[in-house]
Amino acid sequence: MTTPEPQPSDREPAEPAQSTEPADSASSSEPSEPSAASESPATPEPADSPAAASAAAEGSAAGPAASGPKYADRIYRSTSGFVGGALILALACWLGIDAAAVGEGDTPWLALAALLFLVPLVAAYTLVPAVYANEDRLRVRNPFRTITLPWGRVVSLRSGYTNEVFSDDGGKYQLWALPVSLRARKRATRRDPRVTGDRAPGTGASRRGGVAPGAPDRSAGVDRAPTDRSMDELRELHEHRGGEASAQGEVSVRWSYEILAPSLAGAVLLAVLLGLG
């Protein structure tokens, strides 16, 4: 006995199977189409194109900034000498111009010759001296010459009766802008408790025995003469920058012909006028 097969009309429509995977799984399984950017290879720009030139300019501008900031030179000079020189020059110019204006005979020419001889010398010894220091070099401007010493060529800076800098080639150059004041050193010494024997509260140091053991050294602090503190700053800069590659180079010396020439001309003119008179 055979079982009759169901007719097409008797079959129930099959329900679609529900997918448990997220809707975007099919899209993720399909390979993504390559984008237009990946299909076309990037074409390098020529070196002389405007874009390449601007990029190079930006890189060169960013280079110095990345290497670190550059600071202005530290300037050391004698304030009292500068003020005194300015007053002497004002007085000399007043007297010389007055003599040249109202003088008789050879007086105007003598006054002008004296001004031509004296003004450059007074300016050279009072207004010109200065010491310029930065991270790479030390520039010493003395009355008649200017010396530029890279820190790598400096051997030492010494303070005695004068302040001097020594180079590795045996050169010795005096720092006219930093004169030594023995009076200022004595005042600083009298303020130093190691010399006066002042006792700090709680230290247990006797008044004659100086500071107590372990007390801080105040020799590099406020109890130093101004020029000695300036020399300490220069020594510290030399110790920190002496081995740097940017602090190497040659020692250069330039004579101040702009001071020597007019002063020599005034001396010759003054000698001629005095000899003829």
How close do [X] and [Y] get, counting heavy atoms only, and between which atoms?
{"X": "W255", "Y": "F144", "answer": "CE3-O, 3.3 Å"}
{"X": "S246", "Y": "D136", "answer": "OG-OD1, 2.9 Å"}
{"X": "A100", "Y": "P108", "answer": "O-CB, 3.6 Å"}
{"X": "Q248", "Y": "G152", "answer": "OE1-CA, 3.6 Å"}
{"X": "T126", "Y": "G85", "answer": "OG1-CA, 3.3 Å"}
{"X": "A130", "Y": "R77", "answer": "CB-NH2, 3.7 Å"}

Can you check side chain to side chain contact (heavy atoms under 4.5 Å, CB included) on R241 and E244, steps first, answer last?
CA-CA 5 Å; R241 300 292 303 175; E244 298 294 333; 3.6 Å; yes

So which residues get pulled into V131's cluster when ILVMFWY side chains under 4.5 Å apart are joined, directly or through others?
Y76, L138, V140, I147, L149, W151, V154, L157, V165, Y173, L175, L178, M231, L234, L237, V251, V253

Between [atom1] of [X] and [atom2] of [Y], what distance do you get to the nearest 0.5 Å?
{"X": "H238", "Y": "H240", "atom1": "NE2", "atom2": "NE2", "result": "11.5 Å"}
{"X": "S256", "Y": "R145", "atom1": "OG", "atom2": "CZ", "result": "10.0 Å"}
{"X": "L127", "Y": "L89", "atom1": "CG", "atom2": "CG", "result": "5.5 Å"}
{"X": "L118", "Y": "L95", "atom1": "CG", "atom2": "CG", "result": "11.0 Å"}

Same cluster (ILVMFWY, side-chain, under 4.5 Å), L115 and I88
yes

Walk me through whether F117 and V268 qualify under side chain to side chain contact (heavy atoms under 4.5 Å, CB included).
CA-CA 9 Å; F117 170 65; V268 172; over 6 Å; no

Are the side chains of W176 and T162 in touch, meaning some heavy atoms are under 4.5 Å apart?
no

Within the structure provided, determine whether E164 and S159 are in side-chain contact (heavy-atom separation under 4.5 Å).
no

The test is side-chain hydrogen bond (donor to acceptor under 3.5 Å, both in side chains); show your working for S156 and R158 and say whether it passes.
CA-CA 6 Å; S156 63; R158 302 178 189 174; 3.2 Å; yes

Please say whether the positively charged group of R74, taken as NZ for Lys or CZ for Arg, lies over the ring of Y132, i.e. under 6.0 angstrom from the six-membered ring centre and within 45 degrees of the axis.
no

Considering residues at least two apart in sequence or located in another chain, which fulfil the ring pair (Phe, Tyr, Trp, His ring centres under 6.0 Å) criterion with Y257?
none

Test side chain to side chain contact (heavy atoms under 4.5 Å, CB included) applied to R141 and T148, I75, V128, the passing residue:
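Of the listed options, the one satisfying the test is V128.
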
Test side chain to side chain contact (heavy atoms under 4.5 Å, CB included) applied to L274 and D106, L110, L269, the passing residue
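Exactly one pass, corresponding to L110.
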
Inspect the contact between D232 and R235 and indicate whether a charged nitrogen and a carboxylate oxygen are less than 4.0 angstrom apart.
yes

Salt-bridged, D73 to R137, with N to O below 4.0 Å?
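Answer for the salt bridge query: yes.
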
Backbone N or O of I259 within a donor-acceptor pair of the S263 side chain at under 3.5 Å?
no

Are the side chain of N142 and the backbone N or O of P129 linked by a donor-acceptor pair below 3.5 Å?
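Absent.
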
